[in-house]
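Here, residue 1 is the first one in the sequence, and each next residue gets the next number.
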Amino acid sequence: MADGPQTPARYRWSRVAMVGLLLMLQLYFVASHRNVHVPQPSGPPPLRHKHSPQAAIKPLIDEFLDENSPLRHLFFPDIKSAIHPANGSHYYRPGHIWLDTQGNPIQAHGGGVLYDETSHTYYWYGEYRQVGVIGVGCYSSKDLWTWLNQGIVLSAQQINNETHKSNMLERPKVIYNDKTGKYVMWMHVDDVHYRKAAVGIAISDRPTGPFQYLGSKRPHGFDSRDMTIFKDDNGVAYIIYSSKMNTELHIGPLTEDYLDVQPNMRRTLVGQRREAPAVFKYQGTYYMITSACTGWAPNEAKVDAAESIMGPWETIGDPCIGGKEMFRLTTFLSQSTFVLPLLGLPGSYIFMADRWNPAELNDSRYVWLPLAIGGRSLESNSSGSQSPWPRVSIHWHKKWRLPLSWRL
């Protein structure tokens with residue numbers, strides 16, 4: 001989140017409406033689902049809303065942000081239903097507590113995953129939170145479900161006064177530089193008022209750290225808030241960040257050592273107020289999922305596509321499929337952070353998102369869902385004609401798991 005908490009005024013609505021929403025949510029969250037094996041899109045997605053999205057989701061958002069809401073156990077289920085590696089089920093349960101191999105809740109918020117080709121291991125990096133951000137946590141896995149805690153690979157203390165507990169270290173991402181043999185981390189560093197608006201850079205010889213902090217800067221001389229980095233097939237890496245008070249996104253290549261930005265930069269989604277970028281590529285086309293800027297409140301996701309990562313970018317629409325409309329309009333009560341390609345399954349990905357808990361940010365949850373590319377998009381482009389891009393679909397499931405063939 002780039003603007004910090006922005007809790008809206010409490011919505012005053014009737015007891016009857018409250019009971020109705022409670023019953024609907026109970027039925028929605030406890031409904032059973034069959035095993036899901038990274039589904040491909042079939043048939044047209046639900047028709048898009050024609051009324052105001054904010055009006056449709058306001059009651060839900062108000063309850064979500066209210067730490068005393070009677071619905072809170074539905075948004076943030078307790079430890080009894082946690083994802084525990086000891087049971088060996090390999091089911092993902094979006095929004096539930098996720099435990100590591102030691103039985104502790106995983107702390108990797110706003111993170112991303114690196115696949116290390118040398119060790120054939122996945123590494124999940126993210127914000128390690130207690131009262132504040134303690135540093136960057138790292139977890140390793142062979143199957144993307146069982147995660148071993150590798151500890152804090154970049155301590156907040158290493159960054160001196162830039163990320164002490166009352167300040168911000170957000171959205172760390174790590175990529176490997178084939179030329180230098182270094183693992184390079186970029187992250188958003190800021191103060192509590194989000195006025196510093198910079199990126200921090202750190203390097204390591206190993207994916208498990210420790211990472212050496214090199215300092216911070218404003219890329220291209222602009223303020224930088226929510227950000228990500230993307231390594232292309234040819235080894236060129238790019239930074240994508242929200243800038244100019246979140247009114248636009250900036251995209252530009254990094255230097256060959258991945259430790260700085262090159263001077264060329266493109267502005268995109270100007271005036272659209274998007275943040276939380278997550279970039280991925282399929283068959284030569286670049287895709288980017290973003291969220292609107294609504295503080296800790298979830299909102300509707302949007303996906304854009306481009307033939308070049310430098311743009312121009314064209315909007316495809318909301319990728320969320322399944323569940324009630326109010327959940328699609330809130331990205332299933334979450335915000336994008338990363339899109340992970342599934343090796344050996346072209347066109348299939350895991351959409352990684354955070355369900356932020358502003359009352360206890362260390363108790364924020366992970367929403368991992370299958371993402372597929374394929375089929376015709378039913379959205380219209382800016383000229384009113386049908387979008388030429390294939391459909392991007394994020395499928396809601398109460399629980400799901402990867403195909404057995406992939407896990408083996």
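- If you check the side chains of Gln150 and Tyr125, you find no donor sitting under 3.5 Å from an acceptor.
- In this structure, Ser242 contributes its side chain and Arg274 its backbone to a donor-acceptor pair below 3.5 Å.
- Of the N and O atoms on the side chains of Glu170 and His188, at least one donor lies less than 3.5 Å from an acceptor on the other residue.
- The CG atom of Asp66 lies 12.5 Å from the CD1 atom of Ile61; values are rounded to the nearest 0.5 Å.
- In this model, no donor atom of one side chain and acceptor atom of the other lie less than 3.5 Å apart for Ser204 and Lys182.
- Phe332 pairs in a ring-ring contact (aromatic ring centres under 6.0 Å, His included) with only one of the listed residues (Phe327, Trp396, Phe64), which is Trp396.
- For the residue pair Asp116 / Tyr183, a side-chain donor-acceptor distance below 3.5 Å is found, with atom types taken as modelled.
- One N or O on the side chain of Asp304 and one on the backbone of Thr315 form a donor-acceptor pair closer than 3.5 Å.
- Side-chain contact annotation: Gln130 with Gln107, donor-acceptor N/O pair under 3.5 Å absent.
- Under the ring-ring contact (aromatic ring centres under 6.0 Å, His included) rule, Trp368 has a single partner from Tyr349, Phe351, Trp124, Trp145, which is Trp124.
- Classification of the Trp98-Trp147 ring pair by plane angle, with boundaries at 30° and 60°, yields perpendicular.
- Residues Asp223 and Ser243 have side chains that bring a donor and an acceptor to within less than 3.5 angstrom of each other.
- Of the possible polar contacts, none joining the Glu300 side chain to the Thr330 backbone as a donor-acceptor pair under 3.5 Å is found.
- Between the side chains of Ser81 and His96, at least one donor N or O lies within less than 3.5 Å of an accepting N or O.
- Proximity of a side-chain donor or acceptor of Asp100 to a complementary backbone N or O of Asn149 within less than 3.5 Å is not detected.
- No donor-acceptor contact under 3.5 angstrom links the side chains of Gln283 and Thr285, judged on distance only.
- For the residue pair Tyr91 and Lys399, no side-chain donor N or O sits within less than 3.5 Å of a side-chain acceptor on the partner.
- Counting all heavy atoms, side chain and backbone alike, Leu169 lies closest to Glu127 at O-CG, 3.5 Å.
- Using modelled atom types, one finds no donor on one side chain facing an acceptor on the other under 3.5 Å when comparing His73 with Asp78.
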